[in-house]
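Everything below concerns the one structure shown next.
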Amino acid sequence: SAPRALTPGEEAGRVRDRHDRRGGRMKYHHFGSGRYVLRLEPGEEVVGAIATFAQERGVHAGWVTGLGSVDHAVLGFLDPKERVYLKRTFDERMEIGSLTGNIGLNADQAACHLHATLSPRELIAYAGHLHEARVAVVVELFVVAMQGSLTRVVDPTTGFGRLLFPGETPPAPPTGG
């Protein structure tokens, strides 16, 4: 007979390996009730790995927090006047002092909105929106999934994404001229 899917109770407590097309090898453990711990290995792309994990596990609403080390990162500062992120690339070994964010949906695909505080050897801090990062030694993440969905939509007033709560009407485009 065909193998059956594990129930959430059976799934909890099992360590899983997840391999992606680029050779990344994330491991995760489900503690039950939508609580996960993820471990990313050297060379894995952090933002993409979280989004892929959320998509594969069906996490449509949740939050993530983490720490670890990276050897490449791109942070952004939101300039609302120009409607762009001012980006800065770091190609050096840095500690993640804090990584935090949320998980929602963008056009039916899991999407992460992440911010990070990174520190190089000099122990100074750089903080901003985390556009991309590559694991140097290890990145450990804690994901809590919530029931339901959060949808990321573009706010026509600001031109940037924001979460749309369940049952909330999407923002209307500005009228007039």
Side-chain angles (χ1 to χ4, degrees), residues 18 20-22 24 26 28 30 33-38 40 44-70 72-91 94-120 124-135 139-177:
R18 191 203 137 278
D20 68 19
R21 288 180 223 128
R22 296 177 308 273
M26 171 202 315
Y28 68 89
H30 184 207
S33 302
R35 296 169 301 146
Y36 297 89
V37 175
L38 288 61
L40 305 182
E44 287 190 87
E45 205 290 315
V46 176
V47 179
I50 297 168
T52 299
F53 170 82
Q55 185 71 29
E56 290 176 356
R57 301 300 310 149
V59 178
H60 300 154
W63 73 87
V64 60
T65 184
L67 45 80
S69 67
V70 297
H72 167 82
V74 178
L75 293 177
F77 176 82
L78 178 64
D79 181 342
K81 184 176 179 186
E82 298 295 325
R83 292 186 171 202
V84 297
Y85 276 100
L86 305 173
K87 295 180 181 180
R88 182 167 175 186
T89 300
F90 299 88
D91 282 315
M94 300 181 87
E95 289 291 315
I96 300 173
S98 176
L99 183 150
T100 187
N102 58 51
I103 299 169
L105 292 175
N106 185 354
D108 297 325
Q109 294 294 309
C112 303
H113 181 195
L114 304 172
H115 284 221
T117 303
L118 306 175
S119 175
I124 56 177
Y126 296 96
H129 179 93
L130 186 64
H131 291 275
E132 60 186 71
R134 183 179 58 231
V135 179
V139 169
E140 298 163 338
L141 302 160
F142 305 89
V143 174
V144 177
M146 298 181 289
Q147 292 183 350
S149 295
L150 293 170
T151 303
R152 187 157 294 285
V153 297
V154 174
D155 181 335
T157 304
T158 66
F160 290 97
R162 71 175 189 179
L163 289 178
L164 188 66
F165 300 126
E168 186 178 16
T169 304
T175 58

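The basis for the numbers below is simple: all heavy atoms, side chains too, and nothing from hydrogens, waters or symmetry mates.
The backbone N or O of Val143 lies less than 3.5 Å from no partner atom in the side chain of Thr65, so there is not a single donor-acceptor pair. Side-chain N or O atoms of Glu45 include one that pairs as donor or acceptor with a backbone N or O of Ala133 at under 3.5 Å. Without hydrogens or angle criteria, Ser119 side chain to Ile124 main chain gives a donor-acceptor distance under 3.5 Å. The backbone N or O of Ala110 sits less than 3.5 Å from a side-chain atom of Gln55, completing a donor-acceptor pair.
Taking the six-membered ring for Trp and thresholds of 30 and 60 degrees, Phe53 and Tyr28 have ring planes more than 60 degrees apart, a perpendicular arrangement. Classified by interplanar angle (parallel below 30°, tilted 30° to 60°, perpendicular above 60°), the ring pair Phe160/Tyr85 is perpendicular.
Atom CG of Leu75 is separated from atom NE2 of His129 by 9.5 Å, given to the nearest 0.5 angstrom. Rounding to the nearest 0.5 angstrom, the gap separating the CD1 atom in Ile50 from the SG atom in Cys112 is 5.0 Å. Atom CG in Leu114 sits 8.0 Å away from atom CD1 in Ile103 (nearest 0.5 Å). Ser69 contributes atom OG, which lies 9.5 Å from atom CD of Glu140 (distance to the nearest 0.5 angstrom). Separating the OG1 atom in Thr151 from the CG atom in Asp108 is a distance of 8.0 Å, to the nearest 0.5 Å. Leu78 CG to His115 NE2: the interatomic distance, rounded to the nearest 0.5 Å, is 8.0 Å.
Taking 4.5 Å as the limit, some side-chain heavy atom of Val139 sits within range of a side-chain heavy atom of Ile96. Side-chain contact between Leu38 and Val64 is absent, with no heavy atoms from C-beta onward closer than 4.5 Å. When side chains are defined from C-beta on, Leu163 counts as touching Arg152, because their heavy atoms get closer than 4.5 Å.
Among residues two or more places apart in sequence or in another chain, the side chain to side chain donor-acceptor pair (under 3.5 Å) test is passed with His60 by none. Asp91 meets the side chain to side chain donor-acceptor pair (under 3.5 Å) test with His72; sequence neighbours excluded.
Contact record, Pro120 with Met94: CD-CE, 3.6 Å, taken as the closest heavy-atom pair. Summarising the geometry of Arg83 relative to Pro156, their closest heavy-atom pair is NH2-O, 3.6 Å, with the distance given to 0.1 Å. Contact detail for Ala73 and Val70: the closest heavy-atom pair is CB-CG2, 4.3 Å. Nearest heavy-atom pair across Met26 and Ala49 is CE-O, 3.4 Å.
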Please walk me through it: do Leu141 and Val37 pass side chain to side chain contact (heavy atoms under 4.5 Å, CB included)?
CA-CA 6 Å; Leu141 302 160; Val37 175; over 6 Å; no
Pair Asn102-Leu150, side chain to side chain contact (heavy atoms under 4.5 Å, CB included): steps then yes or no
CA-CA 9 Å; Asn102 58 51; Leu150 293 170; 5.6 Å; no
